[in-house]
Amino acid sequence: MLELLRTGVDGVEALAERVGVSPSTVRRDLARLQREGRIARTYGGALVRDDVLHERSFGESARLHAQAKRAVAAAAAGLVPPGGTVFLDAGTTCLALARVLAGAGPLTVVTRGLEAALLLSRSADLRVVVVGGQVQPLSHGLIGPLAAVALDRLAFDVAFLGADTVDPERGLGEPTVEETWVKEVAAGRARRVVLLADSSKFTAGAAPAYLGIGPDWTVVTDAGIPPATAAAFDRRGVSVRVAP
């Protein structure tokens, strides 16, 4: 089935006919391959992960570019207003920021990241709010209508967003539209939006779903950001802060 997907056969009915099984069997197999991170589901079919962004498990992602993520987090912490309310996205870079914020109270932190919520809940000076929703198996982030309902009732001084890949023109990329949707809702409730992305995110593969980066956003990254990427952000009026 993976070989057929690579050759462009991506519809459920077509895959069932070529493989010689029922469409329901194809759907079950595609769901399993998606859980394993080997494909990305599309409307009516799928794409092999070789051709799109490879979403890593939370543990695998945490081990990559850890020093750069810590530098980004330290730089981003300076954008948190004393006693303010912030939104903290899911993901390992946002978890690095959570480790810094754990000692920065009093503060209200609203998050859709399970690891960040558990870490922050240990601090007596922080008020931690977790949005509801469906748990993403790899990122451990909450998505869906329940998350959107919760976010729509809140307001933030700053929303810190993560991303699986970042393109100055297309925006921040994620494996699913649901991920970009909940980020968009959070960004719309914030006075300031800050995108946290270590420099490896600017060279990642193409993503199935994107959220455009607003001209009033701030991107916090490390010194490895390609000069052409920094220049592209500048042309769009997006502020870039490079962590020392």
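Excluded from the calculations below are hydrogen atoms, water molecules and symmetry mates; all remaining heavy atoms, backbone and side chain alike, are included. Residue numbers count from 1 along this sequence.
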Expected output: side-chain D157 to main-chain T85 donor-acceptor under 3.5 Å: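 Checking the backbone N and O of T85 against the side chain of D157, a donor-acceptor pair under 3.5 Å is found.
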So [Y] and [X], do their side chains get closer than 4.5 Å, heavy atoms only?
X: L161; Y: W217; value: yes
X: I213; Y: V166; value: yes
X: V220; Y: L79; value: yes
X: Q136; Y: T176; value: yes

Of all heavy-atom pairs between [X] and [Y], which one has the smallest distance, and what is that distance?
X: A102; Y: L119; value: CB-CD2, 3.9 Å
X: P244; Y: A71; value: O-CB, 4.1 Å
X: A190; Y: V158; value: CB-C, 4.3 Å
X: A163; Y: L172; value: CB-CB, 3.6 Å
X: V100; Y: A73; value: CG2-CB, 4.3 Å
X: A16; Y: P23; value: CB-N, 3.8 Å

Distance-only side-chain donor-acceptor flag, R27 / S24, under 3.5 Å: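 On atom types as modelled, these side chains do not qualify, holding no pair under 3.5 Å.
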Modelled atom types, side-chain donor and acceptor of S123 and D125, under 3.5 Å: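 The criterion, which ignores hydrogens and geometry beyond distance, is not satisfied for D125 and S123.
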For F160, ring pair (Phe, Tyr, Trp, His ring centres under 6.0 Å) partners two or more places apart: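 Partners of F160 by the ring pair (Phe, Tyr, Trp, His ring centres under 6.0 Å) criterion come out as none, since no residue qualifies.
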Look up atom [atom1] in [X] and atom [atom2] in [Y], then write down how far apart they are to the nearest 0.5 Å.
X: K201; Y: L196; atom1: NZ; atom2: CG; answer: 9.0 Å
X: E174; Y: K183; atom1: CD; atom2: NZ; answer: 4.0 Å
X: S22; Y: E17; atom1: OG; atom2: CD; answer: 13.5 Å
X: T93; Y: L88; atom1: OG1; atom2: CG; answer: 10.5 Å
X: S139; Y: L114; atom1: OG; atom2: CG; answer: 8.5 Å
X: L15; Y: T25; atom1: CG; atom2: OG1; answer: 12.0 Å

side-chain contact (heavy atoms from CB on, under 4.5 Å) between Y210 and T165, worked out: CA-CA 9 Å; Y210 281 89; T165 185; 4.2 Å; yes
Indicate if [X] and [Y] have the same hydrophobic cluster label, given that clusters are the connected sets of ILVMFWY residues with side-chain heavy-atom separations under 4.5 angstrom.
X: L151; Y: L146; answer: no
X: L4; Y: V12; answer: yes
X: L118; Y: V130; answer: no
X: V129; Y: V131; answer: yes
X: V135; Y: W181; answer: yes

R112 with D89: basic N within carboxylate O range, under 4.0 Å: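 Salt bridge between R112 and D89, a charged N being under 4.0 Å from a carboxylate O: yes.
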Full working for side-chain contact (heavy atoms from CB on, under 4.5 Å) between L211 and E184: CA-CA 7 Å; L211 169 63; E184 183 175 7; 3.8 Å; yes
Parallel, tilted or perpendicular: ring planes of F202 versus F233, cut at 30 and 60 degrees: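 Perpendicular: the ring planes of F202 and F233 meet at over 60°.
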Heavy-atom neighbours of R18 CZ exceed 12 at 6.0 Å: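 Counting neighbours around CZ of R18, 12 or fewer heavy atoms of other residues, nucleotides or ligands fall under 6.0 Å, so no.
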Test side-chain contact (heavy atoms from CB on, under 4.5 Å) applied to V26 and V19, step by step: CA-CA 9 Å; V26 168; V19 178; 5.5 Å; no
Pair listing, salt bridge (Lys or Arg N to Asp or Glu O under 4.0 Å) test, anchored in residues 213-236, at least two apart: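 Pairs touching residues 213-236 that pass the test: E169-R236.
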